[in-house]
Amino acid sequence: MADIHPVDPQFAARARYDKARYQQLYQQSLDDPEGFWGQQAQRLDWFVKPTRIKDVSYALEDFRIKWFEDGVLNVSVNCLDRQLAQRGDKTALLFEPDSPDTPARHVTYAQLHEKVCKLANALRALGVAKGDRVTIYLPMIVEAAVAMLACARIGAVHTVVFGGFAPNSIADRVSDSGSKLIITADEGLRGGKKVPLKANVDAALKLPGTNSVETVLVVRHTGGAVAMQAPRDRWYHDVVDSQPAQCEPERMNAEDPLFILYTSGSTGKPKGVLHTTAGYLLYASLTHEAIFDLREDDVYWCTADVGWVTGHSYIVYGPLANGATSLMFEGVPNYPSVSRFWEVIDKHQVTIFYTAPTAIRALMREGDGPVKATSRASLRLLGSVGEPINPEAWRWYYEVVGDARCPIVDTWWQTETGGILISPLPGAVDLKPGAATKPFFGVQPALVDADGQILEGAAEGNLVILDAWPGQMRSVYGDHQRFIDTYFRTYPGTYFTGDGCRRDADGDYWITGRVDDVINVSGHRIGTAEVESALVSHPKVAEAAVVGFPHEIKGQGIYAYVTLIADEPASEELHKELISWVRKEIGPIAAPDHLQWAPGLPKTRSGKIMRRILRKIAENAPEQLGDTSTLADPSVVASLVDQRKVR
Ligand code: 6R9
């Protein structure tokens, strides 16, 4: 029997959207997108209001995506200046440090405005102009949000690189984006451990392709010693503190780039997902307000890192455009104890809490005790993002964390989509553990089979979106053709998500996971090709194949098959060395959980590695190998299965 949690009437009574209103607006958004989005555009402040709302064609030969294209605005003005009159003294960012013994900081909208203007002036003084790219490699501190908004103020395009990435990954992103300036910190601090951010930047800038960087601005955060190389490296406070507190915002066209964020795909290097100004901001702010049922007095906490899209849309841009109080947490869920999340909720009276299934599963393993030791009475709404949430974790989140009192919004979306596309509206949609449920306004999901035939009714297939929404990415930076080929060529006329999905008889959507060669590790996307090329770059490795396998906490883990060069003996040391090699090449999140020696890999006669078979071996399900007759050498399979048993 289906487990359904009907909308709580008490919640619905106060909610922004009830069932009838959601259905009416959803229908209107499909019947009259121009009217619907033209109306929604009024939620932004414009220098010049747009008259042209939507100009979209997914046809391969006549491709374009433009929203509000004659509008002129500035994102930082929308997030800051326009809040000053009503909310100048309201907390914009609530900073909770890594250690609970370090005092929290409340940064008001007025203070944030000043910080952003000062940095924006400093960036201009350092020669950064509209359209220039700036790399941000910072921990979860207030300056990360300040840096993003300061770029937005002067029309520079930011590209935030997650603080867990290694020098090679930084260099790839700096080189692809051609960044002129990097903003970093001496060190990060996570779970009491220091992260050598500045040293990583130094190492990255020694790598080829990074000559575009003229200046490195360094925030003094931990006070740890770092090497400063004149004239390239400058202390942030030296350059910023003396700047004027006002800064004239750049007038940006609606379709001017706002940021680039690199994400993994099924082939090649990570791609620079490009988002533009008006559509992105409008979509981030509307989804944030509607899906989190935002009220003026909410204390809203999204536990993501600003290095990922969730941090962009739902820590910084959406909440600030809505004048919300957004909590930024520097630390980790299990430091100094596994009660930390719940203690922070009590300490700051958090009302809306948005986290990832991997964190929920890890904390669930610790039992109910650490949760029950706290009150959490301030909570009224919970959210989940990053990967499918298994029903067991959903129920624990609902019953133990939320005391069976708070709806859960399971929000499905992607770096590419800019904001949430499928999620319950908490006052309008019945909840089902594990289902992302219903599309947001303007979003038309569909399921297609392998031939691209649209499936009707209850069905399972590949998830595509039939028409555009304003928050959609506009290009792959520097490679517009790759954008069209990756997302619009597979099922022509639609945007292909790369996810599999089931729709039940009630029309609810259940995301089943990636159908391409992307592994979702703890909610982070890792391309198998990236890990493979890191492994192959080791002098002793001849060939590597990487697949995902089910992992109790991480959702998926990384399983690597490695063939060594001729006559190179496999050893325990080399095994360890290769895992730490990947950690150093890409970053800790990409380190394989399992590495198996493979004297040969299962290949078709044309030389294509059959990952389907490797996945089944990794899952320890050799009985499900299926047809292996098309392999060039079927005997390699038996030997891999035998080896797997030994491990
Ligand atoms: C926002 C974000 C995108 C991929 C996406 C899908 C998975 C995200 C999900 C979910 C099931 C959810 N995903 N949210 N799967 N239910 N609520 O995570 O962006 O890092 O680009 O990852 O994550 O597979 O395609 P990104």
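Whatever order the structure lists ligands and atoms in, that order sets their numbers, starting from 1. Computation of the quantities below employed the complete heavy-atom set of this structure, encompassing side-chain atoms and omitting hydrogens, waters and symmetry-equivalent molecules. Starting from 1, each residue takes its place in the sequence as its number.
Taking every non-hydrogen atom of T310 and a distance limit under 4.0 Å, the qualifying atoms of ligand 1 come out as 1 (C). Listed by atom number, the atoms of ligand 1 under 4.0 Å from D499 heavy atoms are 5 (C), 6 (C), 24 (O), 25 (O). With ligand atoms numbered from 1 in the order given, ligand 1 contributes 19 (O), 20 (O), 21 (O), 26 (P) to contacts under 4.0 Å with heavy atoms of T415. Applying the 4.0 Å criterion to heavy atoms of N520 picks out, from ligand 1, the atoms 7 (C), 23 (O). For ligand 1, the atoms sitting less than 4.0 Å from at least one non-hydrogen atom of D410 are 12 (C), 16 (N), 17 (N), numbered in the order shown with element in parentheses.
W301 and F329 have their aromatic ring centers within a separation under 6.0 angstrom. Aromatic pair Y491/F496: ring centres closer than 6.0 Å. In summary, the aromatic rings of H288 and Y300 are positioned with their centroids under 6.0 Å apart.
Of the listed residues (F341, Y314, F292), just one forms a ring-ring contact (aromatic ring centres under 6.0 Å, His included) with F353, and that residue is F341. Only one option out of H524, K271, E530, K269 pairs with S264 in a side-chain hydrogen bond (donor to acceptor under 3.5 Å, both in side chains); it is E530.
Closest protein heavy atom to atom 11 (C) of ligand 1: P388 N, 3.1 Å. In terms of protein heavy-atom proximity, atom 7 (C) of ligand 1 is closest to G386 O, 3.3 Å. At the top of the distance list for atom 2 (C) of ligand 1, counting protein heavy atoms only, stands W413 O, 3.8 Å. If you check which protein heavy atom lies closest to atom 20 (O) of ligand 1, you get R525 CD, 3.6 Å. Residue, atom and distance of the protein heavy atom nearest to atom 12 (C) of ligand 1 are E387 O, 3.5 Å.
Between Y487 and E416, the side chains place a donor N or O and an acceptor N or O closer than 3.5 Å (distance only, hydrogens not considered). Between Y477 and R133, the side chains place a donor N or O and an acceptor N or O closer than 3.5 Å (distance only, hydrogens not considered).
Between F165 and F162, the two ring planes are perpendicular [angle over 60°; tilted spans 30° to 60°].
Only the backbone of T411 comes within contact range of ligand 1, with a heavy atom under 4.0 Å; no side-chain atom does. When heavy-atom distances to ligand 1 are checked against a 4.0 Å cut-off, Q414 comes that close through both its backbone and its side chain. Contacts with ligand 1 closer than 4.0 Å are made by no heavy atom of V518, backbone or side chain.
For the pair R502 and W510, the distance from NZ or CZ to the six-membered ring centre is under 6.0 Å and the angle to the ring normal is within 45 degrees.
Ligand 1 does not have W308 within reach: every non-hydrogen atom of the residue lies 4.0 Å or more from it. Residue-ligand proximity: A436 is placed with every non-hydrogen atom at 4.0 Å or more from ligand 1.
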Go through it in stages, so that I can follow the logic: the residues are H551 and H594, the test is ring pair (Phe, Tyr, Trp, His ring centres under 6.0 Å), and I'd like the CA-CA distance, side-chain angles, deciding distance and then a yes or no. CA-CA 11 Å; H551 187 287; H594 287 296; 8.4 Å; no
